[in-house]
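See structure below.
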Amino acid sequence: MFRPKVPTNPTPPGLAIPLTVEPTATVRPGSPPAPVAESSTRSAVQLTPGTTLALVGGGTAVVLIVGAVLVSMLLAVAISGASVAVCAVVLRSMLASGRTHR
């Protein structure tokens with residue numbers, strides 16, 4: 001009931017069945033080729049001074065935001081490390097003073 005049923009492969013993996021190709025269209029020898037539109041030498045994206053300024057401004061904003069996030073994460077790690085170090089020093093001094101006053 002709970003055993004998986006493995007499907008049987010009708011053809012072994014080493015045998016390849018050749019595919020038959022049927023022609024779908026016939027080419028007449030006397031027909032001229034279809035005209036092709038001339039491709040433009042200009043690029044599809046045109047950079048105007050306004051778009052260049054927008055791209056530079058957007059890139060600068062992304063760099064500043066990512067930098068601020070990374071600096072804040074580094075600052076959070078540094079503050080956490082300093083607070084753990086202060087707690088360790090306080091606990092050490094409390095334990096040392098407790099041993100000497102007995």
Side-chain angles (χ1 to χ4, degrees):
M1 179 175 166
F2 292 109
R3 289 185 178 172
K5 294 181 181 180
V6 178
T8 58
N9 191 3
T11 59
L15 298 176
I17 301 172
L19 298 174
T20 58
V21 178
E22 297 177 7
T24 57
T26 57
V27 178
R28 296 182 184 149
S31 63
V36 178
E38 292 185 24
S39 63
S40 174
T41 57
R42 298 170 66 184
S43 64
V45 177
Q46 296 179 0
L47 293 177
T48 61
T51 56
T52 305
L53 185 63
L55 286 175
V56 169
T60 303
V62 167
V63 167
L64 289 176
I65 290 171
V66 170
V69 167
L70 291 177
V71 167
S72 65
M73 289 172 60
L74 180 64
L75 187 61
V77 169
I79 290 172
S80 299
S83 65
V84 168
V86 168
C87 289
V89 169
V90 169
L91 284 174
R92 183 178 175 192
S93 67
M94 287 174 60
L95 290 174
S97 68
R99 289 185 197 148
T100 57
H101 292 297
R102 284 189 179 182

To which residues is [X] joined in a hydrophobic cluster, defined by side-chain heavy-atom contacts under 4.5 Å among Ile, Leu, Val, Met, Phe, Trp and Tyr, whether direct or through other members?
{"X": "Val62", "result": "Val66, Leu70"}
{"X": "Leu74", "result": "none"}
{"X": "Val77", "result": "none"}

What residues, two or more places apart in sequence or in another chain, satisfy side-chain contact (heavy atoms from CB on, under 4.5 Å) together with [X]?
{"X": "Val63", "value": "none"}
{"X": "Ile79", "value": "Leu75"}
{"X": "Val89", "value": "none"}
{"X": "Ser83", "value": "none"}

Task: Residue list, side-chain hydrogen bond (donor to acceptor under 3.5 Å, both in side chains) with Thr48, at least two apart or on another chain - done: Thr51
